[in-house]
Every structure is written in structure tokens, then in C-alpha cells.
Amino acid sequence: MALQDLCNFQDIFQDSLTKLCFLGTFEKNTACDYVSSLSTRSSTSLFNFYIPAAEYLDESPIQFGQISNIQSSSAISSQESILSPSSLPTSLPFASSQSVPLPFPMSHGTTTLAFMFQGGVLAAADTRSSCSGLVACPASQKILPIHSHLVGTTSGTSADCALWKRILARELRLYQLRHGRRLSTRGAAKLLSHMLHPFKGTELCVAATLCGWDGGEVDDGCHAGTVIDLRGRGGTTKSEMTDQEKYLDTLNEKVSLPETQSSTFSEQYFARKKVSFSGPGLFYVCSDGTRLQGTLFSVGSGSPYAYSILDQGVRWGLTVDEATSIAREAVYRATYRDAYSGNCVDIYHITSNGWTRRTREDLKEEYYREKERRRHEGRGRQDVTVSE
Amino acid sequence: MALFEVSGFKPYSELRGQIFPAKQTHLVDRTSHYSFGTKIQEFAVPLGVEPTGFLKSCSSDGGVNIEMNHGTTTLAFKFRHGVIVAVDSRASAGNYLASTDANKVIEINPYLLGTMSGSAADCQHWERLLAKECRLYKLRNNHRISVAAASKLLSNMMLGYRGMGLSMGSMICGWDKNGPGLYYVDDNGTRLPGRMFSTGCGNSYAYGVVDSGYKEDMTVEEAYELGRRGIAHATHRDAYSGGVVNMYHMQEDGWIKVCKEDVSQLIHRYRKGMF
């Protein structure tokens, strides 16, 4: 995607788009291209986002069930019967081509949480992706690594979150290449917030907490350890890995000259000495413009249930194991009561060495364990007679 | 319609004409004709606009948006040694705090308690009415009313006015010959027996805490602590809950009031060493 923007793919896409209007059919790969064309070209130029014109939508509705109530051509009505007739929210009027109607009803059901403690930052989330009553995916990933020392939890619309995380990862990488150091968590939060600002008031919904570890970039830049920094420890998704490898290959020639770089780094370091900060960072960024720094956040429909558990147990002086068990318990309690959270729990731990990921645990096991425990306690109760 | 004739049902207007002299029917005090379970089945409503229609126009579809929020947190759970009831004490009117020391538990009789959440006026009125009916039951039948029956009375009262804008979420807790009893009664007429309930807009915070710490064989002190923690953490996160924790313990020989503790001090104690 980054490559497409750099080589001006958008021009080619617009040509193919006009061709498709005449054909009136959509295939899967072109739907993906439609999404990709919305990404930014570069951080320096204005954001160029392709907004489809209303007439274009009248001619060829997107295949995944979009129905609009302003349809003039008869071809559409025949296609509507083929498309899924699920109930949809009232689509937005086509008078202006500013907004695109939602293809299907979205709901924002999830539980994600993140908190800081002496051992770094811990982020946890459930894995259920729901679509107003249907569990669309019981094994989705709601915590997306952005780079080796930054992880973002996602809540809201899955597609929006995934897209904007990738855009953020690309922008952070470009920053690192241009300035020779990683952007701090605070800076990343600000960048994401400013990137989302043009969409305020639209249907975009992204509520993310960025958890990262800042600092120490100066020393790392001097060594060939830069190469290692780009990879996260532990498991990671394949797509992220290939992206990072791609960056590595293009970068190798730069890294091979550590000595000349170190001198410039130290100059830069002294110039910027007064603003250097090292340690964990936790920020909450929302597509309505909120950007908050904090030590404990929980986002999503299951967040109230998780908040009370976290308020009880989270302290600065926790050990890593205690923190993990509190995070697990909080997500479990949220999945216990909230219908839109469930299935498994993912836990990521961010330290100065980067992020590590625990193996995904199915909360069904925890539910059965608890049920057994209650049953044992209940058996004891039968011995106690209730006098009348 | 056939059933009307068979059961001798007469519409209220006809009946009223028989009971009262002509031309005086409009002077009848219509709000005190509760006769639950007796022959005349009628519910008194205010004269004038039909309530259900009026309320529909107040929802967001009609352009106006009057939201009835249940700003409180109450919780109750059964355990081996009885029922614990814990409530906060904040009464809010929109963004204004009308009272920080409201009493949200009504002591119906020494063996029955009712909690209140939702509209304070509705809760207080209907639960006092329930208290009156429970007393009348005891006088007529020479034994105390069961928790199931008391909650059924309240639920029937709610059903009579269903859709007319009542707002009440209550838990009826007691100890009768079947042991400890806990029922949740709602303004929709919902009536659910259960082991643990929490009502009000802070209920989700309380659920997390109580679910996590609940054990069937808790000691009494542990149960008190769990109830306190549930309310305290809910008031910490929910803007519409606060004040003090009023806690009651329903035992076999009646209820006792356990404590009345300020939530800010509780939170200070719990979160010591947090950050």
C-alpha cells in the first residue's frame, strides 16, 4: 500500500474506475483497491481522499449488501434481490456526495484495556468481532503491533482501525527514516489524532490506545542493533512481518554506516537533550478528536465491567505475573457479562526491549473452571440446613 | 368479547354510574381506587392526554428527546448467610445533584427490603404502596407475605401502567419460609428471581467486582466487603452514583443495617498505592 502511494497508483486507479462504471460489476480485488486509494500519499502533501460521486453508486452498488433508497435504474432492483436483504440503517441522502452509506449495520462491541505499571505497559483485549448480533469472527486480533516498541489496541469499526493502524505504522516508519529516531508514543498519538481529524463528523469510528516504550533511540542508532529493533519479539502476524522485512531490505545500506551516523546522532541528541524522555507511554486516541494521556484505559462496550476489576487491582508496584492475571480477569469479567465481547484473550507486554505476546487463551476454559468451583462450593452449602 | 359477557365484566363507566349518583362521577377521586385481585379491574390514570401516545412523542423519533436515566447503583446478592443489599445515595436531576444522602432502600417490614433505582418519585410511591399491601396481607391472612408474592404484587402494579412512563428498577429482598429470597422487578413488569442483581447506570461496574469476588461460602465479613467494594468502584467510575454506601444484611431473623460509609474514603483506602 505504501508503495502504491509512492508510485502514484491513484492515477491508474481512477482510469480503471471509469472503466468499471460502464461494466457495472465489481470483483473482490477492485473493492480492495477502492479501500487502498483512500490512503494518504505522503505526510507532507494534503490528504487526498477519493470520495465517490453519487451517480457512480447508483449505477453499480457494491456487492456486500448495500441498499440505498434512491435508486433510479431498474438494473439495481434486480440486483437488490440477489444481494443480502438484511435490515440496514436508513442510508444517508445522496444529495451531497460527501458521505458513503454504510454497507451493513455496524456496532462497536469489544473490550480492550491497557495500563502502566513498574514493568512496562500491559495491553489486553478480547477477540470477538461482532456485527450487530452476528459474531463475524471469533478469533480476530484487536491489538495490532505498530512497531517494535509500540502496540495499539483497536476498538470501533475493525476495518477503520486496521487501516489507520497501517497508515500510522507507515508514517512512523517514514519519520524514523527521515529523522533517525523513533517517534515517541506521545508524538504517535498526536499524529494519529491529526490524521483522523478531517474525518470528524463522519461515520469513521476508531478508538485506540497506543501503548509504547520511548527512549533509548540514540544508543540503539549507533549500533547495528537498529536491525533487531525493527522486529518484534514473539509471534507476529505475517503481513506485518513482510512489511518490516521490506523496509529492512531497502534500509540496509543506511545501517551499514554506523560511525558517521553516531556523530550526527550525538549532535542531535545534545540539541534535543531537554525533551528526551524514556519510559512507558500510554495514550488514548479517538476519532472524535479525544487524545488523552493516562495510566489506565479501557475501551469498548465491555469496558465498565473491566474498569471495576482494574480499579481494584492495578497498582504501580505489580509484578508482571500479577499484572497479567489482573488483565486476564478484567477481560474475562467483561466477556462474562457483555454479549459483544468473548472468545479468547490476547495479552501484550511492552518493555524497553519491545513487545512480547502471550499465547492466546480461550476464555471458555476459564468459564468452565469457574463453574466447577462454584459447583464445589454449592455442594458444601447443601450440608447447611435452612431452618424455617 | 364473549369472555366479557360470561364473566360479567362491566366497563368502568357503567359501574361508576351505578356506584355514584349521576352527574357526580367527575368528582370521584380517581387515584385511590386500587383493588388488587378483587372484582373491579381498573387502573387509575390522570385525566387528559393518553400517556402512552404522549411518551412516544417524547422519544427521539418524535423530535424531542427526553431520556429517563436510572442514575444510581444498587446491588444485592444471596449467599450462604442471607442476602446483602448495598446501595449508593446520590439523587440527581439531570446534571444537578439533588441529594447526596438519599435513602434508596425501603424497609417494608422487618423481613422485607426493597431497593430503588430510576425515578425517585415512582420508586418511593410504589414501594410504599407495596408496603401497605404487605401489611394488609398480614392482617388478613395472619402470616407474613412471601418474597415471591410481594414481588408479584409490585410487578402487577407495574404491568398495569406499562408504557405510561414509569421508571423503576427495584430488588425485593427478604427471608421467608423458603429461605432467603431475591427478586428483580422492573417498570416493564419484568420479575426475575436470581442470586445476584445490580441495577442503575452504574450496574456494569458493580457486576465486574461482585462477579469476580463472589463465593458461595463467603463469610459474613467478606460479603460485607464485597458489597462495599461493588458500590465504591461503581461510584468511582459512574458520574451519577456517589455519596455513601448504605448496606443491609438480611438474616433469618430479620434485616440489620450494617454500615453507612462514605465512598470517597472507601476509594481512598482501596486505591492506596495505585499511582
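Here is the naming used below: chain letters follow the sequence lines, and residue numbers restart at 1 for every chain.
A distance of 13.0 Å separates OH of B/Tyr207 from CZ of A/Arg333, quoted to the nearest 0.5 Å. Taking CG of A/Asp311 as the start and OH of B/Tyr270 as the end, the distance is 12.5 Å to the nearest 0.5 Å. With rounding to the nearest 0.5 angstrom, the NE2 atom of B/His236 is 9.5 Å from the OH atom of A/Tyr307. Distance check, rounded to the nearest 0.5 Å: OH of A/Tyr336 to OG of B/Ser212 gives 11.0 Å. With values rounded to the nearest 0.5 angstrom, B/Asp211 atom CG is found 9.0 Å from A/Ser308 atom OG. Atom CD of B/Glu216 is separated from atom CZ of A/Arg373 by 13.5 Å, given to the nearest 0.5 angstrom.
Only the side chain of A/Glu329 comes within contact range of chain B, with at least one heavy atom under 4.5 Å from a heavy atom of that chain.
When all heavy atoms of A/Arg374 and B/Lys215 are compared, the pair lying nearest together is NH1-CA, 4.2 Å.
More than 12 heavy atoms of other residues, nucleotides or ligands lie within 6.0 Å of NZ in B/Lys257, so this atom counts as buried by the packing criterion.
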